[in-house]
Amino acid sequence: MNRELPKQYDHATAQKRWYAFWEEKGFFHSEPDENKRPFTIVIPPPNVTGALHLGHALNNTLQDILVRHRRMQGFEALWVPGTDHAGIATQAVVERRLFEEENLTRHDIGRDELVERIWSWKAAYEQRILGQLKEMGCSCDWQRTRFTLDPVCARAVRHTFFHMFKDKLVFRGKRLVNWDTMLQTAVSDDEVFHETVPGHFWYFHYPVIDPKPGEPTEVTIATTRPETMLGDTAVAVHPDPAGALDKVEKDLKERLAAASEKQKPEIQAQLDDLAERRKTHLPRLVQLRDMAADGRKLLLPLMNREIPLIADEWAKPEMGTGCVKITPAHDPNDYEVGLRQSLPMISILNLDGTLNEKAGLYAGKTIAEARDAVVADLEKEALLVEVEDREIELAHSDRSKAPIEPLLTDQWFVKMDDLAQTAMDAVSDGRVRITPNRYAKGYHDWLSEKRDWPISRQLWWGHQIPIWFCKTATEEDLKKAFAGRDDVFWYRDEAYGQWLICAQEEDLAEDAVPGHQLTREEDVLDTWFSSAIWPHSTLGWPESTEELKYYYPTSVLITSRDIITLWVARMVLAGLFNVGEIPFHDVYIHPKILDGFGEGMSKSKGNGVDPLDVMEKFGADSLRFGIAYLTTETQDIRMPVEFECPHCQKLIEQTKKNRILPRVKCPFCAGEFSTQWAENPEDKALPRGAVVSDRFELARNFCNKLWNASRFAMMNLEEYSSRPIADEELLVEDRWILSRLATVTDEVTEALDQFKYADAARALYGFAWDEFCSFFVEMVKGRLQDEATRDVAGQVLAYTLDTLLRLLHPMIPFLTEEVWQLLGELAPERGIDSPEPAAESVMIAPWPEVDSKWADAKIEAQFARFQEVLRGVREIRARQGVPPKKAIEFMVRCDAEEAALLEPMKPYFESMAAAHAVGFGPEVAPPALAANVALPGAEIFVDLADLIDVEAEIKKKQEELDKIEGFILGKKKKLENENFVSRAPAVVVEKEREGLVELEEKRDATALALEQLKKQA
RNA sequence: GGGCGAUUAGCUCAGUUGGCUAGAGCGCCACGUUUACACCGUGGAUGUCGGGGGUUCGAGUCCCUCAUCGCCCACCA
């Protein structure tokens, strides 16, 4: 059988062909099998917001590598795929489109219509996302695909909520939340980012009502948000201003003492400021404190409302004027003060960000309008004292990018106290391992704060909270209505004078309680609420199914560091709460992909690389292998980004300037192409320039190398037939490659066990390229042409390739399958001492086991010797510019033992360096004019009488000699050091001694050769 | 402000418990189409391991400190 294989691997067709084959064979599907151990991964469900990016490619590649590895190892491997409804993000995207394309808001079309539109968005993107995963080769069990909003997950969510409600772990309360005025929902602290914007610091006077003689007639306060003064309910001053200042001074002095020279001036300036402040502010603050104690009141300007002057530690005498206005309904800190001091809380804001009737004359204005008006009016009343320019840290919503307003609203919370503790314990007692372990700290720190988890969102896209309110019914009514039902639970919410009724299974009708009206809670649950139960909801919980028992706890969770708290921690506590068992044994936190500037990739920066572009250009295997090769434990993955010119295919470095342009001109061919920013028709008409990274070239080249080595094997295994090979039939190179293979198998298995992807990839890269291709394949060429030696050589070749394919398969699934199938036709049985039929797919072939009988240190040492000599000969050839086809003769002076080892390698010097060995041994007499290379314990001579470049040789030898002398000096110095000899371990000292001897031999040989050459010159 | 991480060849990165004459890929230089592979082969050049101090017989590796960069958390009127 002879086959013509293309010189380059065609990834596109192979990917399609083999993925379909695997799916058809059902290799991805898993069922509980009591004879096998389970290995389970649930996917971190990608948001249905948009297509997958390179970070997802990384995340999923790492998962697939493990799943494929374990599957081959004989585990019953299950990878559960799915997507996340991503409440805020998805609704925001659809709402934005709705507005852009149809100029409609969600209120125009209503809840049902909006939700319907989001479902169709979801359908499109889910398909796209799952399609991308398939293109990458992910071996997910598609029959088990879940969506966080599908009926299975919804049921689990309802059960969780009900369970928590019954245990009084969810509660309703008034809280100051981060209010997104655009999306009109509360967002959690984690969904807020701060941005520095230029702003002002305004100073106002609040008049004192009926000041006594000698007392100040007004209090000065400062604020960055003047409009909030409309909701002020107090002004605070510190209860012990002098003491507070003392404390600040003490702290500053301590810091000054410990500070570096560079920091000192700054701290000193603060101290000076403090001293000044004692003079200018302190007397007045003391006075005000006394007035506060006396129950004095201020007049809130514009509103003409009386507000108290109070003493509270929140007022920092070292800040601003030392007095602070208190707006409990619109500032988190003021809210605390409000609670402490029992102040009224006046919310002046409507949900849409305009002011409400509590803002008096300013009602209906937006915040910005109100701000201007308030400042202008205060100025009119001569109460505006001063305006400073100042940088303000402004909170923004992650999702809508709109500014965040602190707003007092009714929200649902999960009480974190005990739950958080269980999650902390699971990690500290080692039931859940986090790798790399340094991330455990953040996990603990966050959980230990035990902050209640706000779970309600004022959205339409999500799990609607299964709570019904009823104001009018009595407890008796409820008992009667729900008699005998354990899926309904209620309790009285005294603060609002109503019943909170939770239904676990089915929605309650409005008239479920005869004669009373039930209204349902409109809010939906935080997306993380459904994500938190993902590891068990996907496996059929709350039913205690066979599957849940078999696959849960899952084996490992692979995710990125930014959601350790938001997601990982909550999964642990939810798993423990619902199932009574941790959700996973291992958490592996992978690196982040950054661009060439060290910045995270994002569409908004224009530096995002689309995995589809990478796959189109390099192939899925290259994407995967490249990712594995770069995934180390400590470093993020820095990936310089380039445009690929669609005209000349050259790569153009991406800069901060060109990455935001709608069109870019290729500096090589002057052709223009469009980018993601193209908007006008002219730009859009240009061909698109893909954003890629040359970081994947290494992997692409490697795949091609592998392909060609396989091609070579195919071309040479035509008359292959397997038989048991006896030990004595194996040649040095056979034993060597088998020995190396055993070692590499061990390394790769070990590395994958410990999530050391880069180690595994590098070990395989080095073995395949530098050992298998560069040596074994080269050496076996001659033997394959000779009928007498063909059998053994072919069989070792087939076996080694077979094993290598299996080792590489988790990282390079498509190419290895393509080759496996081709190899299967030629060599259906593979092995050395006992050939065995190969599996029908590499995907289900057994993972290679280390057979220690092949590990042979002696052979490896011998082979290393051969490699050194070969390299020495090649070096001489290159140095002397010997034409490649010209055969040369060489000899090696060495001891008899060494000579015996080199003897069998003679033919390989011929084939691999066109060099004929004329003699090995101690009695070798070098010719008068020779180029040499000195090795420890051996010296190579090449007779080059007719073409030697003596000058070049002398120069080289002289350099070499100098270098060796340097090393000798270093070693001698070390060995002459008494302390070294007496204190260092004997092994180390011995090694140094041996090294010195070798160096000295080398030096002598080199010096002699140099002398000889000089004589000739 | 608190925490975590990084800093090694022009670029991107390896470097286990200290024993290093510091490696790889790309790039660079020279030579080369020898039928698996030019997405290749052979050979070559390249580093005060961010700066300073310390521990040690010995430091890229451990400790302190400074500098620069990145990420996370918390934030003051």
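Labels below follow one simple rule: chain letters A, B, ... track the order of the sequence lines, proteins then strands, and each chain is numbered from 1.
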Taken to the nearest 0.5 Å, the spacing of A:Phe767 CZ from A:Thr743 OG1 works out to 9.0 Å

Rounded interatomic separation in angstrom, taking NE2 from A:His281 and P from B:A77: 15 Å

Mind checking if A:Asp445 touches a base, just sugar-phosphate, or nothing, with heavy atoms under 4.0 Å? nothing

Say we look at B:G60 and B:U48: how far apart would their P atoms be, to the nearest angstrom? 14 Å

Assign a letter to each nucleotide of nucleotides 8-18 of chain B from its 5' end: B, base within under 4.0 Å of a protein heavy atom; S, sugar-phosphate only; -, no contact. ----SSS----

Tell me: CZ of A:Arg438 to C1' of B:C71, nearest whole Å? 11 Å

What integer number of Å spans the P atoms of B:G58 and B:U42? 42 Å

Report the residues that fulfil side chain to side chain donor-acceptor pair (under 3.5 Å) with A:Glu992, sequence neighbours left out, ordered by chain and then residue number. none

Nucleotide B:C71, atom C1' - distance to CD1 of A:Ile564 in whole Å: 11 Å

Phosphate contact (B:A74 OP1 or OP2) by A:Arg451 side-chain N/O below 4.0 Å: yes

How many Å lie between CD1 on A:Ile888 and P on B:C31, as a whole number? 19 Å

Ranking B:G19, B:C71, B:C73 by distance to the side chain of A:Val988, first place goes to B:G19

With A:Glu868 via salt bridge (Lys or Arg N to Asp or Glu O under 4.0 Å) - residues at least two apart: A:Arg865

What does the B/S/- profile of nucleotides 33-49 of chain B look like, 5' to 3', with a 4.0 Å heavy-atom cutoff to protein? -S-BB-BSSSSS-----

Measuring from A:Leu285:CG to A:Cys323:SG, what's the distance to the nearest 0.5 Å? 5.5 Å

Could you pull out all residues at least two apart from A:Thr632 that satisfy side chain to side chain contact (heavy atoms under 4.5 Å, CB included)? A:Gln635, A:Ala758, A:Arg762

Distance under 6.0 Å and angle within 45° of the ring axis: does A:Lys781 meet both against A:Phe712? yes

Is A:Lys325 touching bases, backbone alone, or none of the nucleic acid, heavy atoms closer than 4.0 Å? nothing

Of all residues at least two apart in sequence or in a different chain, which pass the side chain to side chain contact (heavy atoms under 4.5 Å, CB included) check with A:Arg871? none

Could you tell me how far apart A:Leu999 (CG) and B:U21 (C1') are, to the nearest whole angstrom? 8 Å

According to the side-chain hydrogen bond (donor to acceptor under 3.5 Å, both in side chains) rule, which pairs have a member within residues 316-329 of chain A, sequence neighbours left out? A:Thr228-A:Lys325, A:Asp232-A:Lys325, A:Asp232-A:Thr327, A:Lys325-A:Thr327

Closest to the 5' end of RNA chain B, once A:Gly995 and A:Glu449 are matched to their nearest nucleotides, is A:Gly995

With rounding to the closest Å, how many angstrom separate the C1' atoms on B:U56 and B:G19? 12 Å

By nearest nucleotide on RNA chain B, pick out whichever of A:Phe201 and A:Leu698 is the more 5' one. A:Leu698

For the side chain of A:Lys991, counting heavy atoms from C-beta on, which of B:G19, B:A77, B:C4 is nearest? B:G19

Using the P atom as the reference point in each nucleotide, state the distance between B:C76 and B:G5 in Å, no decimals. 28 Å

Distance, rounded to the nearest Å, where A:Gln880 contributes CD and B:A30 contributes P: 19 Å

Return one dot-bracket line describing RNA chain B 5' to 3' (Watson-Crick or G-U wobble pairs, both distances under 3.5 Å; ( ) same strand, [ ] crossing, | another strand, . none). (((((((..((((.....[...)))).(((((.......))))).....(((((..]....))))))))))))....

Using whole Å, what does the distance between atom P of nucleotide B:U21 and atom CD1 of A:Ile964 come to? 15 Å

Rounding to the closest angstrom, what is the interatomic distance between B:C13 and B:G47 at atom C1'? 15 Å

Could I get the full list of side chain to side chain donor-acceptor pair (under 3.5 Å) partners for A:Lys955, not counting sequence neighbours? none

Non-neighbouring partners of A:Lys972 that pass side chain to side chain contact (heavy atoms under 4.5 Å, CB included), sequence neighbours left out: A:Ile968, A:Glu976, A:Leu996, A:Glu1000

A:Glu747: what forms a salt bridge (Lys or Arg N to Asp or Glu O under 4.0 Å) with it, not counting sequence neighbours? none

Using distance alone, with no hydrogens and no angle criterion, decide if A:Tyr203 and A:Glu388 have a side-chain donor and acceptor under 3.5 Å apart. yes

So, using side chain to side chain contact (heavy atoms under 4.5 Å, CB included) as the criterion, who are the partners of A:Val997 when residues are at least two apart? A:Glu1001

Whole-angstrom distance between B:C26 and B:A22, as gauged at atom P: 22 Å

For B:U46 versus B:U65, give the span between their C1' atoms, rounded off to a whole number of Å. 32 Å

Whole-Å C1' distance, B:A14 and B:A9: 13 Å

Reckon A:Ile326 touches a base, only the sugar-phosphate, or nothing at all at heavy-atom distances under 4.0 Å? nothing

What is the distance from CG of A:Asn437 to P of B:G5, rounded to the nearest Å? 11 Å

